[in-house]
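One structure below.
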Amino acid sequence: METGPKRQEKYFIKTFGCQMNVADSERMAALLSERGMSEAAAPDEASVIILNGCSVRQKAVHKALSSLGLMQEVKKNSAIKPVIGIGGCVGQLEKKKLFRKAPYLDFVFGTDTIDNLPEIVHRVQNGERKVVYADFDPSMNYSTETKVQAYKAQAFVNIMKGCDKYCTYCIVPFTRGREKSRTIDEVVNDVARLVASGVREVTLLGQNVNSFGKGNENVKRREPIELHNQIGKVGPRAGEENFPQLLRAIDSDPRCAALKRIRFTSSHPLDFSDELIECYAPAEKGGVARLTANLHLPVQSGSNQLLQKMGRHHQIEGYFAQMDRLREICPDVGLSTDLIVGFPGETEEDFEQTLRLLDRVQYDSVYAFAYSPRPGTRAAKLADDVSAKVKNERLNRLLAHQLKISEALYATRIGKVMEILVEGEAKNQKMAGVPNGAAPRVWTGRTSCNRIVNFVSDSPRSLIGKIVDIKITSSTPLSLQGEWIHPEPLAEVLS
Ligand code: SF4
């Protein structure tokens with residue numbers, strides 16, 4: 001089918017939710033750009049408007065739907081008369097029901113049909129109305145190629161999709177389906193291609209990357225790793241490919257030599273194996289040299305009673321043991337987690353156990369939410385018996401508690417020299433003391449342990465993708481500020 005645009009058209013994509021959705025939006029943008037379209041700065045300049053919605057919490061669904069309402073106004077008032085579509089988990093879950101909620105909507109697509117987007121847009125632009133493309137085929141193997149738009153220092157690389165954990169509160173296994181992994185060879189080839197195009201940091205993505213490889217037979221030439229803790233229970237079995245093998249395969253591939261950093265997200269404590277912890281060791285002690293010193297390992301609660309109700313299949317003592325072992329191997333590791341407050345049956349004592357968890361683990365940051373039931377999940381059948389007032393009060397207490405921890409942890413970095421991968425110009429240019437766009441400019445990047453660092457430079461050239469040494473001079477609970485240390489003159493550093 002001919003799917004090329006009739007004129008130079010623009011798309012506008014609004015993303016809600018997690019990094020998986022951010023990666024999916026990048027893919028949508030790349031697919032539409034391949035069709036000759038360019039990105040619009042605002043929805044009223046676009047002929048195609050897409051909302052990539054998240055359904056993990058009811059509040060997130062409301063956000064996507066209220067944004068859809070605003071797009072209706074754009075459609076009414078714009079001379080371009082854009083077509084409007086909704087995708088992501090919201091599209092996957094709600095499918096044609098969305099047309100009842102938003103009759104002006106033109107198309108709905110799901111998480112597994114993103115590659116059909118150019119065809120869907122072509123169909124609606126040629127007069128079809130209310131197109132739904134939101135099925136997924138559970139028997140299909142997972143194979144894809146990462147698409148990034150232009151030169152970028154960083155790329156998200158999907159390595160697996162779906163989730164088999166079925167935590168009682170979570171809708172993801174219903175929206176993204178059962179776990180499917182790409183093969184190690186396919187991912188390594190993909191990363192090598194990205195490195196050749198200038199990418200210097202990859203984030204390996206999946207709902208539960210630690211169970212990567214489940215069902216993929218291990219090829220004989222790859223050294224099998226003996227699996228000896230909980231990983232065999234739900235993740236890959238001995239003889240199947242696994243996540244530590246993937247990390248080592250990327251790290252040792254000569255085509256990936258220019259890659260500086262490998263990150264990953266997200267994980268489940270059940271599959272967070274000893275083999276994976278050992279990957280964090282220094283390279284000379286058998287670790288994966290380019291694996292960054294950070295870990296996002298969702299724990300959800302500090303109370304075993306609640307972990308059981310949440311169907312998490314792990315206990316808090318095991319989680320502490322994993323964190324202790326990791327810190328022993330990699331003392332500078334930066335940790336973050338996800339937490340739910342106000343889950344059905346949560347008592348004040350359960351909540352205080354979560355506060356004690358924060359004190360014990362010392363996270364750099366946490367993503368905390370008040371529980372809201374998701375229709376269709378097992379937890380939705382439990383009495384939602386913590387009042388909204390108590391949920392809010394606990395959420396605020398938890399965030400205030402964590403803020404103090406983050407503030408103290410960030411302050412310990414003052415005076416240290418940290419290696420930063422520059423991501424771009426900071427949105428807030430106040431630190432430079434001059435108007436936006438003028439030199440000197442404020443640049444922003446991240447440490448290996450995932451802390452944001454801002455610094456000022458009068459470099460006339462872009463620093464994106466450069467690794468620079470920054471001496472930390474001050475901190476806030478959310479970021480660090482510092483000075484660029486370069487012994488040679490700037491021109492030589494940049495040459
Ligand atoms: S591990 Fe649990 S919370 Fe995470 S995606 Fe799977 S079911 Fe949802």
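One-based numbering, in listed order, for ligands and for the atoms of each. Computed over heavy atoms, backbone and side chain alike; hydrogens, waters and symmetry mates excluded.
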Can you list the ligand 1 atoms lying under 4.0 Å from a non-hydrogen atom of [X]?
X: Val172; answer: 5 (S)
X: Lys165; answer: 1 (S), 6 (Fe)
X: His268; answer: 1 (S)
X: Pro173; answer: 7 (S)
X: Gln207; answer: 5 (S)

One thing to verify: whether [Y] and [X] come together as a salt bridge, which I'm taking to mean a side-chain N less than 4.0 angstrom from a carboxylate O.
X: Asp251; Y: Arg248; value: no
X: Glu407; Y: Lys404; value: no
X: Lys391; Y: Glu346; value: no
X: Arg451; Y: Asp364; value: yes

Exercise for the section: May I ask you to decide if the ring planes of Tyr363 and Tyr319 are parallel, tilted or perpendicular, using 30° and 60° as cut-offs? Expected result: tilted

Problem - Any N, O or S atom of Cys170 closer than 2.8 Å to atom 6 (Fe) of ligand 1 - result: no

Record the part of [X] in heavy-atom contact with ligand 1 below 4.0 Å; permitted values are side chain, backbone, both and neither.
X: Cys163; value: side chain
X: Tyr169; value: side chain
X: Pro298; value: neither

Handout entry: Closer than 4.0 Å: a protein non-hydrogen atom to atom 4 (Fe) of ligand 1
Key =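 Within 4.0 Å: no protein heavy atom nearby.
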
Handout entry: Heavy-atom donor-acceptor pair, Glu423 side chain to Thr444 backbone, under 3.5 Å
Key = no

Handout entry: Within-shell test, Gln300 vs ligand 1, heavy atom, strictly < 4.0 Å
Key = no

Exercise for the section: Considering heavy atoms of the protein only, find what lies nearest to atom 7 (S) of ligand 1 and give residue, atom and distance to 0.1 Å. Expected result: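 Here the closest protein heavy atom is Cys167 N, 3.3 Å.
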
Problem - His268 ring center near His313 ring center (under 6.0 Å) - result: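 No, they do not, as the ring centres are separated by 6.0 Å or more.
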
Handout entry: CA sep, side-chain torsions, deciding dist, call: Phe264, His296, ring-ring contact (aromatic ring centres under 6.0 Å, His included)
Key = CA-CA 8 Å; Phe264 65 86; His296 180 74; 10.0 Å; no

